[in-house]
A.B. asks: 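Okay, here's the structure, questions in a sec.
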Amino acid sequence: MEYNFRDIEKKWQEKWKEQKAYEVSNNSVRPKYYVLDMFPYPSGTGLHVGHPLGYIASDIFARYKRLQGFNVLHPMGYDAFGLPAEQYAIDHGIHPAVSTDQNISNFRKQLDNIGFSFDWSREVRTSDPKFYKWTQWIFLKLFESWYNRSTKKAESISTLEAIFEKEGNLKIGRTQSAAGGNESGSIDFSADQWKSFDEKQRQDILMNYRLAFCGYGEVNWCEALGTVLANDEVINGVSERGGYPVVKKKLRQWYLRITEYADRLLEGLDTVEFSDSMKEMQTNWIGKSYGAEIDFHLTPNPSPSGDSFLRVYTTRPDTIFGVDFMVIAPEHELVEKITSAEQQKEVEGYLSYVKSRSERERMAEKKISGVFTGTYAENPFDGRKIPVWISEYVLAGYGTGAIMGVPCGDERDHKFARHFKIPITNIIGKHYDGVEANPTKDAILENSGFLNGMIMRDAIEVVLQKLESMKIGQRKVNYKMRDAAFSRQRYWGEPFPIVWKDGIAEPLPESELPVLLPHLDELKPGPDAEGPLANLDSWKHYKGGIREVNTMPGYAGSSWYFLRYMDPHNENEFCDRQASDYWNQVDLYIGGTEHAVGHLLYSRMWTKVLFDLDFIGYDEPYRKLVNQGMIQGSSRFVYRFDYKLNDGVNLNAENPVLISHPIVEKFKENEKGLAEFIVSKVDQFNSQDASKIFASSAITGLHIDVNLVSGLELDLAGLRNWRTEYENAYFIMDDGSVVKPGESSTSTYTCGAEVEKMSKRYYNVVNPDDIVMKYGADTYRMYEMFLGPVEQSKPWETQGIEGVHRFIKKLWRLFYDDMKGKVWNEEKASEAELKILHKSIKKIGEDTERFSFNTGVSGFMIFVNELSDIKCSKKEILEPLLILLTPYAPHVAEELWHLLGNSTSILDATYPKANEKFLVETSKNYPVSINGKVRTQIDITLDASQQEVEQIILDNEIIKKWLNGGAPKKIIYVKNKMINVVL
RNA sequence: GCCCAGAUGGCGGAAUUGGUAGACGCGUCAGACUCAAAAUCUGGUAUUGGCAACAAUGUGCAGGUUCGAUUCCUGUUCUGGGCACCA
C-alpha cells in the first residue's frame, strides 16, 4: 500500500465538504478564535505560488487552535471592486462583473486544491449588493456623524446642530480640513447667526464637520485619455498607457475625516500586537508633531497684493535666528499675490513645470529646484530680510504649506541654500561644520539675539512664550496624515447613496439601500472629468436632483469586511450585535506589509467610528497582526551572442547562438576571447569576416520560461518548441560543445539565474496547481512553510520540494511498507520512544505557537527520522504524531488516522500535551572554551557547583594543554549553557 | 529624498533571553541494492592547510562594548516593501 496523495486528497476534500467539516456556528460553549487573511483581490492572472503563503500559515494556525478546543472562525471572500477589472473591461470589452466572476471561480478552484479549512458558507464579495448595501449604510453613518473633540468620539450630527443652536461654533471652533476643505463653510458664527442662515449655508457649514465630507482635491488628470489616473498609472509625468501628458486638476471629492482620529489611532497601537516596525510605520504616517505657527511680515509691506503675513509651520522655533530663506509650496495661495513683477516670468515657468510633476516624483526627487518670488519676509526679532522662495519640496497639504529654511540645522534646507547660493547663518557654532547640516537640539545657540547661550532644547519654550506674547505665533500640533480621499471617478465601485439638490448633498434613506450599481455597456469617462456613471442620464437624474456619480474607492469594502464574516447573511443589519460581541476582535490577522498604512489605518478608523456610535463593542479590529513576506520568482536566462556586420544586418535572427552560463562566466573579463571562441565553434560564421564580428559582438541575457529548466539545466527541445525564435538556435554547452539546430546532446546547458518579482513578464511564474498536481497539497503546504520564516521574503525554488515530499513518504512507511504492508502495531512504547514523542510535541507545539512554521516542519522531519532510525511503528507514538501533523498536512493525517482504526475525524482530535516527565535531563555535554573559542566538550551533571566544575576543568587533558602549566585568570560557568576559561 | 525591513555554506534556511555558527532540507560526492534505471538506504560535504589529530579563517562592510557578539551599539553598502487613486 503506497502513498497515493491524489486519491487521498480528493477523497478527504470531498468528505469534509459533505460533512460540512469547516462550517462554524455562532453559538458554542467553546472559546472563540478568529483567524483572518487579508482580503484578496481576485486578479485575472490567478494565484502564483507566492500568494497562498499567508493563507497556509493562517490555515495551520486555525487548525491548530481547533485541535486545542477553540471554536475557530476562518473565513474567506473577495475584495471584488477595483481598478484592474475596469481597465480590463476597457481593453477587452468584457464587463467587470463578468470578468470578476470568472476570476473568482478560478481563484476558488485554486484555493480548493490546497485544502484550506475556510468556512465557505460565510463567503462575501464586496461587489455583491447584499454586501455593499452595508458599505453604503456605514457611509451614511459617517456622513451623519461628526467628531466631538470634547467627548473624543463620533456623535450624530444632530448633537452638533444643537450646539450651533445654542452657541454657534465659537466654542468648538472650525474644523481644520487640510485635505480639500470646503472654504464656503469655514467661518466663525454665533447662535444667532446660525439661526439666520439659510439651508444651503447651514449644510455647507455642517459639511465641514461630517466624518464623510465633500471638498476639493487634486488628481492626476490625463486630458488625452479623459480620465483621472492612479499614481501608479503615471510614470515620469505621462500616462503609463499611451504616454500622454498628465497634469494636476482640482475636483470635488469625498473625504473621510480620519485626521480627527489621529490621536486615537496612535493610542490604539498600545492595545494591539503588531510588530514594532509596523507600529512605527503607522506612527510615522500619522506624523504627530509639536511645533508652532509663526507669522512673518512680508516686505515690501504690503506686498504687491496687500497681504502682509506669511504663516509658516515649524517644529523648531528655537532656530528662528538661523532662518536664511522661506519656502512656500507651489500651490500656496500667496504665490500669485507676492510674486514681484521682475520674477513673474520665472515663477510662471516654474509653476508649469511643477504642474507636470506627480507628488511621488516631487518627494523622491534628489535634484533641487525652486524659484525666488521677489518678496522678502522679516525676522520679527532682528528685522533681517529673508527671501521667500517657491519649491516643490514643500507640499501644500502639510502644515501651512510654508516653511522657514534653516540651512545649518536641516539637511534639505542646507542643500537648497547651497544650490541657490543663499548665505548660511550658523547659530550652533562648532556643531555646524559647513559641509553638512546638524539637526541637534543640544547645541548652545549663537548669533541668536536674546537666545544666545541657551541650549536649543530649552530655547524652544522661551521662543514659544515670546511669540505668544507678541501675538505673532502660537503652539500647534500638526499631523502629517491627511484626510482620506474617498471618491473615484470610476465605474467599478460602490455608488454613493447621495443625491445633489441645489448644491446640497442629500443622503438617501436607509430604506432605499442598496443603491445598485447600474449596468453600463461601455465604460468611457463622463464629461468634465466625471466617471462613467455620469454618462447614464436615466440613472443620474433622480428625485429631482442629480445622483453622486463618483464611486467609492477600493478600501471601502475592506474597511469593515471582518465584521460581515461574523454574520454574512443578515439582511437587517450589517452584523448582529450578539455575533460581533461573540466573535469580537480578529485574534490573528495575516497579510503583507504593503497594507501597513493604507488598509490597516482605514479599517482601524471605521472600527472606531462604529464603536463610537455603539454598533460594536470594541474599537480595534485586529488584536494580533502577523506580516507575511513575499515569495519572489527565480528567473532563468539564456545568453544570446549578438553581433552586427558593418551594414547593420544582424545575422542572428535566423540562427541565434545561445551560450551557457558557465561559458559566459569563463569569458567574463574577456569579450574578444569569447567572440573568438564562438566564431571558432559555430560553422555559420566561417564565411564571415571574423574581425567585423569581434568589433560588434555583445551578450544579451534573455528571460526564458522557468518551466523549461530543471534546476539550472535547460531542456533544449523544450526551448525550441517554446518560441519560434529559438527553433533553429545553436547552443554552446557547458563543456564548450555545440548543438546545432535539429541535434540533441548528452552535454548540459546551464542557465543563469536571478531573483526577481514573480511576474508573467519574467516568465518565472509557478502555478500552485502544477505543484499540487505533481506532489499533492500536503507536500505543497509543508514546503511553502519550510522555505523560511513567514515574515521573510524569499525566492521560490521548485527543486527543494522533493525533500518535503520524501519526508511524507517516509512518514507513510512508518505505517505501511511497500513490501511488507501494514507495519504499525499496538506494542507498548519504550521510555526512549516516549522521550522522542514528547520532545517533538514540545518542539512542534512551541514552533506553531510562535508562527515559526519552518522550524516546525523541520521538527517533524527530525521526529520521523528518529522513529525510522529505531524502527518504531507503534500506534502509541504514531497517533499523537498524526494529530500534531494535522494543521500542516491534513489529508495524509486524516487518512492514516482512519487506517489506524479511528472512525471520527482527526480535525476534532485533541492536541497532545508534552509530558515534562520524559524531558528531564540529568547532565549536559558542556562546550568548554578557552578565551571564547570552543576547544573541547565535557559531560557534567546539571547540579554541579562552580567549584566542582572548576576542578573538572583543571583536570582535563585538553585544557591542561592550553593552560600550558599556568593558572587561568577566571573560569566562567553558566549552568546549562557553557564554560569559558579565561587565560 | 523620507519611513520600515533584510543580508549567515553552492542554495533555502537554523541558532527562541549575549553562550558549541551552519539544525532541517536541496544540491553535490562516494558507497549499498539493481542486468539497468527509478525509488530507497548508508556515509561525507563552510573555507584553507593537513593522511589524521588538529589549526587558522568565517554570519554584507568598517569600527566598538563584552570573558564571550549572527544576536547589543555607531557608521556604511546593497536588496526588498511603502510614500496617500494598484489592491
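Residue numbering restarts at 1 for every chain, and letters A, B, ... go by the order of the sequence lines.
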A.B. asks: Can you find a side chain N or O atom of A/R935 that sits less than 4.0 Å from OP1 or OP2 on B/A53?
C.D. replies: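 Answer no for this pair, as no side-chain N or O of A/R935 is under 4.0 Å from OP1 or OP2.
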A.B. asks: For the aromatic rings, using the six-membered ring if either is Trp, is the centroid distance between A/F81 and A/Y41 under 6.0 Å?
C.D. replies: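 No, the ring centres sit 6.0 Å or more apart.
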A.B. asks: Please tell me whether A/Y780 and A/Y775 form a close aromatic pair, meaning their ring centres lie under 6.0 Å apart.
C.D. replies: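 Centroid distance A/Y780-A/Y775: not below 6.0 Å, so no.
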A.B. asks: Side chains of A/S852 and A/T855: any donor to acceptor distance under 3.5 Å?
C.D. replies: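 Yes, side-chain donor-acceptor contact under 3.5 Å.
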A.B. asks: Strictly under 4.0 angstrom, non-hydrogen atoms only: write out the protein contact profile of nucleotides 4-21 of chain B, one letter per nucleotide from the 5' end, B, S or -.
C.D. replies: SS------BSSSB--BBS
A.B. asks: Of the options B/C85, B/G25, B/G81, whose atoms approach the side-chain atoms of A/T593 most closely?
C.D. replies: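 Nucleotide nearest to A/T593's side chain: B/G81.
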A.B. asks: Using a cut-off of 4.0 Å on non-hydrogen atoms, how would the nucleic acid contact of A/W796 be classed: base, sugar-phosphate, or nothing?
C.D. replies: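 Nothing: the residue A/W796, judged by heavy atoms under 4.0 Å, touches no strand.
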A.B. asks: Output a table of nitrogen or oxygen pairs between the protein and nucleotides 38-48 of chain B separated by less than 3.5 Å.
C.D. replies:
residue	atom	partner	partner atom	Å
B/U40	O3'	A/R813	NH2	3.2
B/C41	OP1	A/R813	NH2	3.1

A.B. asks: Just verifying a value: how many Å separate A/I938 CD1 and A/I958 CD1, rounded to the nearest 0.5 Å?
C.D. replies: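 Going from the CD1 atom of A/I938 to the CD1 atom of A/I958 covers 8.0 Å.
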A.B. asks: Stems involving RNA chain B: give each as a range paired with a range, ordered by first number, where a stem means at least three consecutive Watson-Crick or G-U wobble pairs under 3.5 Å.
C.D. replies: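 Stems found: B:1-7 with B:77-83, B:10-12 with B:24-26, B:27-32 with B:40-45, B:46-49 with B:54-57, B:60-64 with B:72-76.
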A.B. asks: Ignoring hydrogens and angles, state whether a donor on the side chain of A/Q87 or A/D91 is under 3.5 Å from an acceptor on the partner side chain.
C.D. replies: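 There is such a pair between these side chains.
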A.B. asks: For A/E957, give me all partners under salt bridge (charged side-chain N to carboxylate O under 4.0 Å, His left out), at least two apart in sequence or on another chain.
C.D. replies: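 So A/E957 forms a salt bridge (charged side-chain N to carboxylate O under 4.0 Å, His left out) with A/K960.
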A.B. asks: Look at the side chain of A/V219 and decide which nucleotide, out of B/C85, B/G25, B/C83, has an atom nearest to it.
C.D. replies: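 It is B/C85.
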A.B. asks: With heavy atoms under 4.0 Å as the rule, sort A/H599 into base, sugar-phosphate or nothing.
C.D. replies: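 Nothing: the residue A/H599, judged by heavy atoms under 4.0 Å, touches no strand.
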A.B. asks: Syn or anti for B/G22, taking syn as within 90° of 0?
C.D. replies: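 Anti, angle beyond 90° from zero.
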A.B. asks: Just checking A/H599 against A/Y555, ring centres under 6.0 Å apart?
C.D. replies: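 Ring centres of A/Y555 and A/H599 not closer than 6.0 Å.
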A.B. asks: May I ask you to check whether A/R781 and A/T779 show a side-chain donor-acceptor distance below 3.5 Å?
C.D. replies: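 There is no such pair between these side chains.
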A.B. asks: How is A/M630 classified with respect to the nucleic acid when contacts are heavy atoms under 4.0 Å: base, sugar-phosphate, or nothing?
C.D. replies: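 Sugar-phosphate, no base atom in range.
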A.B. asks: What residues form a salt bridge (charged side-chain N to carboxylate O under 4.0 Å, His left out) with A/R418, not counting sequence neighbours?
C.D. replies: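 Counting only residues at least two positions away or on another chain, A/R418 forms no salt bridge (charged side-chain N to carboxylate O under 4.0 Å, His left out).
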A.B. asks: Given the C1' atoms of B/U77 and B/A39, what is the spacing between them in whole Å?
C.D. replies: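 Between the two C1' atoms, the distance is 48 Å.
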A.B. asks: Please identify each residue that fulfils salt bridge (charged side-chain N to carboxylate O under 4.0 Å, His left out) with A/K794, with sequence neighbours left out.
C.D. replies: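 Applying salt bridge (charged side-chain N to carboxylate O under 4.0 Å, His left out) to A/K794 gives none.
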A.B. asks: For a quick check under 3.5 Å, do A/Y561 and A/T135 share a side-chain donor-acceptor pair by atom type?
C.D. replies: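 Result is no, nothing qualifies.
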A.B. asks: Which part of the nucleic acid does A/K961 contact within heavy-atom distance under 4.0 Å: base, sugar-phosphate only, or nothing?
C.D. replies: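 If one applies the 4.0 Å heavy-atom cut-off, A/K961 turns out to touch nothing in the nucleic acid.
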A.B. asks: By the 4.0 Å heavy-atom rule, please label A/W254 as base, sugar-phosphate, or nothing.
C.D. replies: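 No contact.
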A.B. asks: Of the nucleotides B/C85, B/C67, B/A84, which one has an atom closest to the side chain of A/R482?
C.D. replies: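 So the side chain of A/R482 is nearest to B/A84.
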A.B. asks: Under 4.0 Å between any heavy atoms, over every strand shown, what does A/G82 touch: base, sugar-phosphate, or nothing? Just pick one.
C.D. replies: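 Sugar-phosphate, no base atom in range.
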A.B. asks: Roughly how many Å apart are B/C11 and B/G18, using the P atom of each and rounding to a whole number?
C.D. replies: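 That atom pair is separated by 28 Å.
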A.B. asks: Got more than 12 heavy atoms from elsewhere within 6.0 Å of CG, A/N925?
C.D. replies: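 Counting other residues, nucleotides and ligands, CG of A/N925 exceeds 12 neighbours.
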